[in-house]
Each structure stands twice: as C-alpha cells, then as structure tokens.
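Since the structure comes first, as structure tokens, the remarks are kept for the end.
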Amino acid sequence: MAFGLSGTCMIPEGTRYFLPPEARQRRELLERLAGLLYGWGYEPVELPSLEIYDPQHTLAERAFKLVDKTGEVLALRSEFTTAVAGLLRSNGRLVSGQPVRMQYAGTLWLREANAELGRSREFSQVGAELVGVSSPQADAEVLELAWEALQLIGFPEAKIEVGLPALVRDLLDATGLPEEKKERLRQAIHRKNSPELESLLKDYLVHPSLQKALLALPDLYGGREVLEEARRLPLSGKAQADLDWLEAVLALLPEVPLLLDLGRARLLTFYTGLNFQAYTPDFGLPLLGGGRYDGALLPYAAGFALGLERVMEALRLPLSEVPPEVLALDRALARKLRSEGKRVELAWTANLRDLKEYALEKGIRWLAVEGRLEPIG
C-alpha cells in the first residue's frame, strides 16, 4: 500500500487512495463483518468524526486538532471505544445488569501514527462492544466472536493470544512497590526480558515467593496447559481469582484454538481482566485486539477492534477487476438483466465496432441489443 509523500502528490502524507478493485474488496469485507456482528445481536451505531478536544484523552497528543468559529477546540476521532462509551452515557442505553451490544465501523485519524499502523494517519476499524455485564460468559462471547470474524474474512490459520493483565497487575500490586518501580518491572515482563526482571526484583528486595511468581510470567506462554503451570506458583488470593476467571472462560470455548500469554503486560491501567490479539502466519502485526476494561470508561465493558487496512495487507487478495457481464444498447433489457442480478454497463455510443472493441478489451462477454443478448468475440 503506497502512502502519500509530502510535496510529491496531491494527498497528505499518511493517507492514500483506494482504487478498483481494492475499494470494492474493502466494502465487501465491511459488509460481511457487519452481517456477522448483526447476526450475533450487535446493533450498528454511527459516531461523529468530530469530537470536543479532551486534553485528558489517552491519544490527545497525537490527535488532529481543529478550532471552530466559536474558538472551541475540536479533534478528529482517534479511536472508537471512548466515543461508544460517550454515546451510551449520554443516551440512557445502559440498564444495570443487562447487556448492550454495539458494532461500529469507520475512519480514524492520528497526527502521529506509531509503527504498528504502518505510518498511516488515516485508517479504518471495525469493532464490537459488549457493555453492561461482566462475566466469563461475556468474555467468552467476545473471544468467540473475534474468532468467527477471522474465519469469515479468510484467516483459518490465525492464532488468538490471550493475556491476563489482571494477573500481572495483582502480582505487581502485591509487591507494595511505588508506581515507578512497578512500571519498570512491568516493562521487563512484557518484553520477556528475564535477566533484567531478575535483577530488578533483587534490587527492589521483593519477597522471594513473589519473585518466583513474577519471574515465571515471561515463560507462561503456550496452550491451555499454561494455566496449570500458573496454578503451581505462589500466588495471592486475587491472582488465583484471576486464573479462576480465565479458566471459566476457556471452559466455554473448547473448540476455539487459543494461545495463552500470561506474561502479556500491556495497558495494565486500562484492561481489568483478559486481553487478546490475533496473528496470522507471515504477517507480523496483530489483525485485531481487545479485552475487558471494566471501569476504565464504563462500569462493565469488553470488546475488540479489527484494522481493515492491516487485514487487507495480510490477505494479499489478487487485485484483478471483475468486468460487467453485459454491455447494453437496449436500456429496457439492461434493467431486466440487473433485476436478475447481472452486472450491466450502458453503451455510450451506437457505434458497434467501438463497443465491441471496448468490451473485448475489458472482458465483457455479452452485448444487449434489440431485446436479445449477442456474444462478443
């Protein structure tokens, strides 16, 4: 995918055109995903592209800011979860103890994009949010739906890696260390840098039993047997409860191939339960990601988002245009054929030679003329 380069083309850096057939393929993927989510009970919502600028937003420093005629500072939408939360809080859709299922799709903008986004500053996401309830059943639903989405769009070999930030956070909290030191430990765990982690734990005089548990986290990666390995560690009551929750989720998904990564330690202040990302062979970036974030924006919420451009790159779909089936001089016959599901172009001239040359070049097989179809070629 090519990106616009400043000074060399008519579009800003980090944006791009989508031409046929790629634009059609994008629309088809969006339609298929929307149908899947709707079939699971997720109602579509549409959200404004312009938002009131919030300096406390996690992406505030990377957002595009605008000033309207009143002087109010606005921002282009940089992520969807906050916008969905705002919609629910302002429209009275939340009923205690009852689920609300919503799906969204659209464009996001970032003034400064990170390497994971491939330098894009304008990109598209499709996502689903299950709000209002918090249970292993709800988490299993979100995971299974993410898996179904991957299967639907052509990733039968995709792997979903499931982390448990709650476990990492609870173990770090049990050390009683100040936030700065816990953050250094978190980074070492997430990078799976065991030597650094061991050195920090000794320097910080962490209790030996906690040292053992924290040092084990980077290696707790693999199939469902990882859960049993974690059970054998000296864990706090809260950490044991985290594993109980994860075990209950896994029990509901016996047919979904999941990998556990209990050393995943990203966004601990946002994700309150499990989180996950999906990968496919030969493509190094995650196709989708999500998890449970109770209390971060809403009392109870879980969901996931899928990057459309990233999916298109990973699919490597052949970029060949599918020609219309018919070129029509007869407009009445053209309407009839379209009603039958055929794709029909209208002739722009009565010159049969020009029409046949054009049809042969484009791959159109039939000419509709005077109430009949004539083969071209």
Side-chain angles (χ1 to χ4, degrees), residues 1-5 11 13-40 42 44 77-81 103-110 113-129 141-163 253 255-259 261 275-291 303-325 341 343 362-363:
M1 290 187 176
F3 292 85
L5 300 177
I11 59 175
E13 182 178 359
T15 66
R16 59 156 298 177
Y17 296 111
F18 291 99
L19 301 175
E22 193 174 15
R24 172 180 55 79
Q25 292 169 344
R26 285 167 58 87
R27 287 195 179 189
E28 289 175 354
L29 282 172
L30 287 171
E31 290 170 1
R32 290 164 67 188
L33 287 166
L36 172 71
L37 296 173
Y38 188 76
W40 280 61
Y42 287 74
R77 184 178 61 215
S78 57
E79 52 90 23
F80 277 108
T81 305
Q103 62 165 295
Y104 57 79
T107 305
L108 300 171
W109 295 267
L110 284 174
N114 59 27
E116 278 198 357
L117 295 171
R119 295 185 293 116
S120 286
R121 297 196 294 171
E122 180 182 58
F123 51 98
S124 302
Q125 282 188 351
V126 179
E129 304 290 339
E141 175 179 327
V142 171
L143 272 168
E144 187 175 3
L145 181 52
W147 175 248
E148 290 287 344
L150 292 167
Q151 304 309 293
L152 176 72
I153 59 179
F155 295 107
E157 303 300 321
K159 303 293 184 185
I160 296 182
E161 295 182 354
V162 181
L253 301 171
E255 296 180 358
V256 178
L258 300 172
L259 289 173
D261 182 5
N275 87 314
F276 57 90
Q277 290 182 312
Y279 295 86
T280 193
D282 303 321
F283 191 77
L285 297 175
L287 302 174
L288 60 77
F304 69 89
L306 176 150
L308 186 60
E309 287 79 12
R310 194 171 293 176
V311 162
M312 292 287 293
E313 287 188 42
L315 283 172
R316 297 184 177 93
L317 295 171
L319 296 181
S320 57
E321 293 187 45
V322 178
E325 297 163 85
R343 192 163 173 234
K362 196 166 182 180

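Quantities reported herein were computed from a predicted structural model and do not represent experimental measurements.
- At a threshold of 4.5 Å between non-hydrogen side-chain atoms, the residues P286 and R310 count as touching.
- Just one residue in the list T107, T15, L308, L110 forms a side-chain contact (heavy atoms from CB on, under 4.5 Å) with F123, and that residue is L110.
- Here the shortest heavy-atom pairing between Y17 and I11 reads OH-CG2, 3.2 Å.
- Interatomic distance, CG of L287 versus NZ of K159, reported as 13.5 Å (0.5 Å rounding).
- Distance check: R32 CZ to L37 CG gives 13.0 Å after rounding to the nearest 0.5 Å.
- Between F155 and L315, some side-chain heavy-atom pair lies under the 4.5 Å cut-off.
- Atom CD in E31 sits 10.5 Å away from atom CG in L33 (nearest 0.5 Å).
- In this structure the side chain of F276 never reaches within 4.5 angstrom of the side chain of E161, judged on heavy atoms.
- When all heavy atoms are compared, the tightest approach of E309 to S124 is OE1-N, 2.9 Å.
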Item to check | Test log, rule salt bridge (charged side-chain N to carboxylate O under 4.0 Å, His left out), inputs R24 and E28 | outcome: CA-CA 6 Å; R24 172 180 55 79; E28 289 175 354; 3.1 Å; yes
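- Scanning both residues, E313 and R316, for their nearest heavy atoms gives O-CG, 3.2 Å.
- Distance CE/M312 to CD1/I153: 10.5 Å, rounded to 0.5 Å.
- Scanning both residues, L145 and A128, for their nearest heavy atoms gives CD2-CB, 4.3 Å.
- In this structure, the side chain of R26 does not engage the main chain of F18 through any donor-acceptor pair within 3.5 Å.
- No donor-acceptor distance shorter than 3.5 angstrom exists from the side chain of Q103 to the backbone of V126, with no hydrogens or angles considered.
- When the options L259, L150, L253 are evaluated for a side-chain contact (heavy atoms from CB on, under 4.5 Å) with I160, the one that passes is L150.
- Between L36 and E148 the shortest heavy-atom distance is CD2-C, 3.9 Å.
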Next on the checklist: The test is side-chain contact (heavy atoms from CB on, under 4.5 Å); show your working for V311 and L306 and say whether it passes.
Outcome noted: CA-CA 8 Å; V311 162; L306 176 150; 3.5 Å; yes
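- Using a distance-only test at 3.5 Å, with no hydrogens or angles considered, no donor-acceptor pair links the side chain of E122 to the main chain of G14.
- In this structure, W147 and L258 have side chains that are not in contact, with every pair of non-hydrogen atoms separated by 4.5 Å or more.
- P323 and G363 get closest at one heavy-atom pair: CG-O, 3.6 Å.
- Proximity of Y104 to E129: side-chain heavy atoms (C-beta onward) are separated by under 4.5 Å at one or more points.
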